[in-house]
Number of protein chains: 2
Amino acid sequence: MDAKGTREHIVRAADELFYKQGFEHTSFADVAGAVGISRGNFYYHFKTKDDILAAVIAARIAERRRMLDQWEAEQDTPAGRIRRYINIVIANETDIEDYGCPVGTLTTELAKLGHGCMDSATAIFTLFRSWLGEQFTALGRADDADDLAMHVLAASQGIAVMSQAYHDREFTRREAAQLCAWVDAQAAKEE
Amino acid sequence: MDAKGTREHIVRAADELFYKQGFEHTSFADVAGAVGISRGNFYYHFKTKDDILAAVIAARIAERRRMLDQWEAEQDTPAGRIRRYINIVIANETDIEDYGCPVGTLTTELAKLGHGCMDSATAIFTLFRSWLGEQFTALGRADDADDLAMHVLAASQGIAVMSQAYHDREFTRREAAQLCAWVDAQAAKEE
DNA sequence: CTCTTATTAGGACGGATGTCCTAAGGTATC
DNA sequence: GATACCTTAGGACATCCGTCCTAATAAGAG
């Protein structure tokens, strides 16, 4: 197989395992096993575990960027786009119940490990943060757009954490709906 | 030294290390080093690492219970008590920036590890959840007291996650103040 | 002081981990 | 078909981990 394909395969498998088991709890052997290659071959593509993590984070950023572009194409209004973001917690309900938010749980883990990739992980948050900020600006809230974006991020993270703790889908839906209503109320405040 | 004292000393050290480094990333040697005893002596007090975790969680529950009692004594009104809870994110600002919320980050980690102590960790959340529920009931919101309690928990967790990601104290204070205002608004709705 | 019990220190153990090396197998080019 | 390079497999390595055992020490009771 060509190196590019194997490398991508490794990143995909590592991405999923880092999400579902955590970065530290996932070993080279785990990833190699999931991909179906030997541990030795591994070393040909990535010298260290940190290299894999960096590649996984880069892949996540690229994927999220594509997702945001798609949302912009699908949703016509800024409020609709923000609501689309909030809707993640419902669309990915099952995974979030079991493994939490991929972004939040990774930054939390890397922060505790004092890992150098912490800043790259935070960059995923920043991607959403600025995108949400743009939407709030388009909503006529240029002055406090970033504050509002941070509020949406924080609320989503809170929902994810509690969702993981209690597996309560009613709670998740109720909070998401409430946050969407809040967004619409912010839109009404424009002008 | 007597066994009780050493045991408590171990639990205290493990509590701090589990919080600051994460459960998995903390080894027997780390805890033994922090306490100043040998790894062998360790085994006399706790047979397995899971035993230590169970003891740490039990200690956290007991400590939080004491804290809630104190808040009830200090604060006269239900709203004041809820605001006192929200104020944690500001009072413990420095630690939360570096290590996140002790309860949220632990449940997140244990969930990913598929650890058996996950339920005990969730019990710490439940302690706050029912206490907050009681306060909202006292506020005249018996019907949706638990929903409101969950909302406060989620909001606090969200603030903690973003605080850890961005170390932005202005954000933390703004969100905490906003949440306190929300509590007061809920109180106003009673009648 | 003596004997028993409670507590400690230090190290052995099997296993897992991240890293690295080397030899073999494929693949493409001339 | 021969050569050079890309890719793979399998294992060696030093280290650390959780667990467990044993012998020495401290403490307390008679």
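By convention in this document, chain letters (A, B, ...) are assigned in the order of the sequence lines, proteins followed by strands, and residues within each chain are numbered from 1. This structure is a prediction, so every number in the text was calculated from the model and none was measured.
- Summarising the geometry, the separation between NE2 on A/H9 and C1' on D/dT7 is reported as 16 Å, rounded to the nearest angstrom.
- Residue whose closest nucleotide on DNA chain C sits further toward the 5' end, between B/G36 and B/R39: B/G36.
- Distances from the side chain of B/T6 to the nucleotides D/dG10, C/dT8, D/dT7 place C/dT8 closest.
- For the residue pair B/Y44 and B/T6, no side-chain donor N or O sits within less than 3.5 Å of a side-chain acceptor on the partner.
- For B/T48, counting side-chain heavy atoms from C-beta on, the closest listed nucleotide (C/dG10, C/dG18, D/dT19) is D/dT19.
- Proximity of a side-chain donor or acceptor of A/Y19 to a complementary backbone N or O of A/V103 within less than 3.5 Å is not detected.
- Ranked by how close their nearest DNA chain C nucleotide is to the 5' end, A/E24 and B/Y44 are led by B/Y44.
- C/dT19 atom C1' lies 17 Å from atom CG of A/L53, rounded to whole Å.
- Side-chain proximity of B/K49 to the nucleotides D/dT8, D/dT19, C/dC20 is greatest for D/dT19.
- Side chains of B/D51 and B/H45: a donor-acceptor N/O pair is absent below 3.5 angstrom, by distance only.
- Secondary structure note: stems in DNA chain D built from 3 or more consecutive Watson-Crick or G-U wobble pairs under 3.5 Å occupy C:1-30 with D:1-30.
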| field | A/D50/A/H115 under side-chain hydrogen bond (donor to acceptor under 3.5 Å, both in side chains): CA gap, chis, key distance, verdict | value | CA-CA 9 Å; A/D50 293 348; A/H115 197 287; 2.8 Å; yes
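- Between B/R12 and B/D15 there is no salt bridge, since no side-chain nitrogen of the basic residue lies less than 4.0 Å from a carboxylate oxygen of the acidic one.
- Dashed line: the shortest gap from a side-chain N or O of A/H45 to OP1 or OP2 of D/dT8 is under 4.0 Å.
- A salt bridge is absent between B/D98 and A/K112: the closest approach of a Lys/Arg side-chain nitrogen to an acidic carboxylate oxygen does not fall below 4.0 angstrom.
- For the pair A/L113 CG and C/dT17 P, the computed distance is 16 Å after rounding to whole Å.
- To the nearest angstrom, P of C/dA6 lies 14 Å from NZ of B/K4.
- The distance between atom CZ of B/F46 and atom C1' of C/dT8, rounded to the nearest whole Å, is 16 Å.
- Nucleotide D/dA26 holds its P atom 17 Å from the CD1 atom of B/I37, rounded to whole Å.
- No single ILVMFWY cluster, assembled from side-chain heavy atoms under 4.5 Å apart, contains both B/Y43 and B/L17.
- The shortest distance between the side-chain N/O atoms of A/Y43 and the OP1/OP2 oxygens of C/dT19 is not below 4.0 Å.
- The distance between atom CZ of B/F42 and atom P of C/dT7, rounded to the nearest whole Å, is 16 Å.
- Closest approach to the B/A29 side chain among D/dT8, D/dC17, C/dT19 is made by D/dC17 (side chain taken as heavy atoms from C-beta onward).
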| task | Quick one: do A/R174 and B/D147 satisfy side-chain contact (heavy atoms from CB on, under 4.5 Å)? Show the steps, please. | result | CA-CA 9 Å; A/R174 186 174 60 239; B/D147 292 358; 3.2 Å; yes
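- In terms of phosphate contacts, A/N41 brings no side-chain nitrogen or oxygen within less than 4.0 Å of OP1 or OP2 of D/dT7.
- Taking atom CZ of B/F28 as the reference point, atom P of D/dT15 lies 22 Å away to the nearest angstrom.
- The side chain of A/S27 sits closest to C/dG18 out of C/dG10, C/dG18, D/dT8.
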